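Quick notes on the structure that follows.
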Amino acid sequence: MLRRGLHHRNRHLHTQIPKPPSPEASAIASLILQTPSQTLTLTLDRLNHNWSPNLVDQILKRLWNHAPKALQFFNLLDRHRSYTHSASSFNHAADIAARLRDYVSLWALLNRMRARRLGPTNRTFAIVFERYVAAGKPDRAVKVFLSMHELGCDRNLCAFNTLLDVLCKSKRVEMAFELFRVFRGRFRPDVVTYNIIANGWCLIKRTNRALEVLREMVERGLEPTISTYNVVLKGFFRAGQVKEGWEFFLEMKRRGCEIDVVSYTTVVHGFGVVGEVEKARRVFDEMVKEGCLPSVATYNALIQVLCKKSSVEDALVVFEEMVRKGYVPNTTTYNVVIRGLCHSGKMEKAVELMGRMKGDEREPNVQTYNVVIRYFCDAGEVEKGMELFEKMRSGECLPNLDTFNVLISAMFVRKKADDLLAAGKLLIEMVDRGFVPRRFIFNRILNGLLLTGNQWFAKEILRLQSQSGRVPRQFKL
DNA sequence: GACTGGTTCC
């Protein structure tokens with residue numbers, strides 16, 4: 001009986017095999033980056049490549065951190081004699097324009113899609129909703145949804161669910177619920193709609209509201225799915241109701257619910273955050289016994305609890321075990337283990353593991369770098385932190401606000417004049433990349449520079465401060 | 001990536 005469920009339970013395993021990298025796309029992407037904007041047309045003409053939608057998508061993905069160049073590439077290729085963009089490439093371009101908050105280009109792209117009868121599709125609208133909400137304009141997202149039909153796309157339940165999901169994930173649950181109440185007569189909500197709303201309430205730790213919504217769902221004759229149960233399960237653990245969560249899990253089993261890898265992972269993680277290492281392990285072992293294969297996420301949950309509440313050595317045992325069993329650790333796995341190693345002072349081993357990521361086609365991301373840089377700086381090895389920072393600048397991993405804050409703070413530990421100079425340079429780069437430093441960072445650096453008698457540089461920083469703030473340069477095209 | 005669920009950190 002248990003065997004029957006094996007296939008769909010573990011469909012996630014298929015996604016664990018890393019996609020082969022596309023050397024062709026990387027080569028063209030770096031060529032585009034090296035070519036000055038003025039001569040890009042010529043370069044692309046001369047390249048005369050056999051373009052395919054997939055290749056163009058890959059290139060756009062690789063140019064993600066270089067948005068203006070990405071859009072220029074897209075637009076130039078749009079005027080190509082024989083090649084025409086696919087809907088998916090249009091969506092990529094729209095996503096990039098929206099991320100730059102360049103709404104003029106965004107809507108121009110949507111209109112072009114429509115003119116060519118490529119869309120805009122539900123996926124396009126999902127991007128638009130997400131970007132407006134991320135930019136703090138949820139009302140715009142709702143407005144776009146309400147005028148979808150004018151843009152050549154039916155207002156359907158899918159789009160409605162997507163909008164509710166985007167609002168809920170940004171914690172605007174009240175707003176989503178209001179919308180749900182107003183429009184439920186028109187769109188006939190399905191179990192997905194209810195799962196989204198219930199998950200929203202759980203996200204803000206209002207498990208009772210989630211249960212209320214789900215009761216209403218059942219009254220309306222909709223059957224809960226395994227996702228519904230998993231939403232509630234996660235909700236209990238997230239709200240710190242561990243006892244209720246565990247009892248709900250047992251109830252799921254009693255009722256013969258097909259507990260899947262997500263349910264198990266939720267429980268392992270739930271016990272993990274409250275430090276119940278033994279219980280977490282027992283549930284992990286139980287799922288294996290029940291014939292449900294753990295996924296990478298399940299391993300991540302277990303490895304994390306071992307790192308935090310047991311020891312990084314125990315975590316490494318499980319890490320090596322999963323590798324031996326043929327799993328490919330993902331970036332999260334590496335980040336968890338690397339953090340554990342840093343935390344117990346094993347910096348060399350942490351750096352070694354960063355190197356090992358590349359072998360698995362898992363590039364260290366900004367979180368990976370930030371953790372290792374932070375621990376190096378805390379240990380007083382500021383040079384090693386800077387070394388990693390240089391490395392990330394040369395690669396495709398962009399530093400974020402955290403990276404700069406950590407490095408700049410580190411420059412005050414040793415009370416050296418050179419360090420203050422370095423802090424000032426970091427501040428300039430930070431503003432240059434479109435980040436807005438907090439005022440106390442400016443003041444700290446200014447005071448330091450004045451104390452060490454570097455009046456000239458202090459003046460530069462002051463000028464920078466008066467300029468920074470409004471429109472970050474990153475967002476200008 | 002094509003309506004929903006599980007894994008890192010701040």
Side-chain angles (χ1 to χ4, degrees), chain A residues 9 12 15-16 19 57 61 87-88 91-92 95 119-127 129-130 153 156-166 168-169 176 187 189-200 202-203 210 214 217 222 224-235 237-238 259-270 272-273 280 283-284 287 292 294-305 307-308 315 322 327 329-340 342-343 362 364-375 400-403 405-406:
Chain A
R9 270 178 174 180
H12 300 271
T15 61
Q16 285 162 10
K19 282 188 211 111
D57 284 353
K61 265 187 213 159
S88 134
N91 285 340
H92 272 295
D95 200 10
T121 61
N122 275 335
R123 173 77 204 122
T124 320
F125 283 102
I127 291 167
F129 298 157
E130 250 180 69
C153 196
N156 53 25
L157 182 60
C158 280
F160 185 54
N161 285 345
T162 306
L163 176 64
L164 294 180
D165 193 40
V166 169
C168 283
K169 294 236 170 86
F187 294 112
D190 61 1
V191 60
V192 176
T193 321
Y194 281 97
N195 288 350
I196 289 168
I197 296 290
N199 187 47
C202 287
L203 274 177
L214 293 177
M217 175 182 94
L222 287 169
T225 62
I226 181 68
S227 294
T228 315
Y229 291 116
N230 286 341
V231 162
V232 176
L233 193 61
K234 166 89 183 167
F237 282 109
R238 170 182 273 271
I259 297 181
D260 68 2
V261 60
V262 176
S263 330
Y264 281 114
T265 305
T266 305
V267 178
V268 171
H269 179 249
V273 289
V283 174
F284 186 90
M287 78 182 282
C292 179
S295 68
V296 171
T298 324
Y299 273 103
N300 292 351
L302 181 65
I303 288 172
Q304 191 217 180
V305 51
C307 277
K308 279 198 173 153
M322 78 180 274
Y327 290 87
N330 61 20
T331 309
T332 306
T333 324
Y334 277 106
N335 287 352
V336 171
V337 177
I338 287 172
R339 173 170 289 108
C342 288
H343 193 74
R362 297 282 186 266
N365 63 11
V366 65
Q367 280 93 345
T368 325
Y369 278 105
N370 285 355
V371 168
V372 185
I373 289 176
R374 185 184 300 266
Y375 277 94
N400 63 13
L401 191 63
D402 256 5
T403 322
N405 284 336
V406 167

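Remember, predicted model here, so these are calculated numbers, not experimental data. Chain letters run A, B, ... following the sequence lines, proteins first, then strands; residues in each count from 1.
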Query - Spacing between A:Arg362 atom CZ and B:dT8 atom C1', to the nearest angstrom - result: 14 Å

**Report entry** Distance, C1' atom - from B:dT8 to B:dT4, rounded to whole angstrom
**Finding:** 22 Å

Requested in this report: Determine the contact category for A:Thr298: base if any of its heavy atoms lies under 4.0 Å from a base atom, sugar-phosphate if only primed atoms, P, OP1 or OP2 are that close, otherwise nothing.
Outcome: base

Query - Integer-rounded Å distance: B:dT4 C1' and A:Ile226 CD1 - result: 13 Å

Query raised in the report: Do A:Thr266 side-chain and B:dG6 base share a donor-acceptor contact under 3.5 Å?
Result: no

Query raised in the report: Ignoring hydrogens and angles, does a donor from either the side chain of A:Asn91 or the base of B:dG1 sit under 3.5 Å from an acceptor on the other?
Result: no

Requested in this report: Respond yes when some side-chain nitrogen or oxygen of A:His92 is under 4.0 Å from OP1 or OP2 of B:dG1, and no when none is.
Outcome: no

Query raised in the report: Heavy atoms under 4.0 Å, any strand shown: does A:Thr121 hit a base, just sugar-phosphate, or nothing?
Result: base

Query raised in the report: Given atom CE of A:Met322 and atom P of B:dT8, what is their separation to the nearest angstrom?
Result: 14 Å

Query raised in the report: Among the nucleotides B:dC10, B:dT8, B:dT4, which one has an atom lying closest to any side-chain atom of A:Asn335?
Result: B:dT8

Report task. Check whether any side-chain heavy atom of A:Thr333 lies under 4.5 Å from a side-chain heavy atom of A:Met322, and answer yes or no. Result -> yes

Query raised in the report: Using a cut-off of less than 4.0 Å, is there contact between a side-chain N or O of A:Lys234 and OP1 or OP2 of B:dT4?
Result: no

Query - Below 4.0 Å: OP1/OP2 of B:dT8 and any side-chain N or O of A:Gln367 - result: no

Query raised in the report: Is any side-chain N or O of A:Lys308 closer than 4.0 Å to OP1 or OP2 of B:dT7?
Result: no

Query raised in the report: Are A:His269 and B:dT7 close enough that a side-chain N or O sits under 4.0 Å from OP1 or OP2?
Result: yes

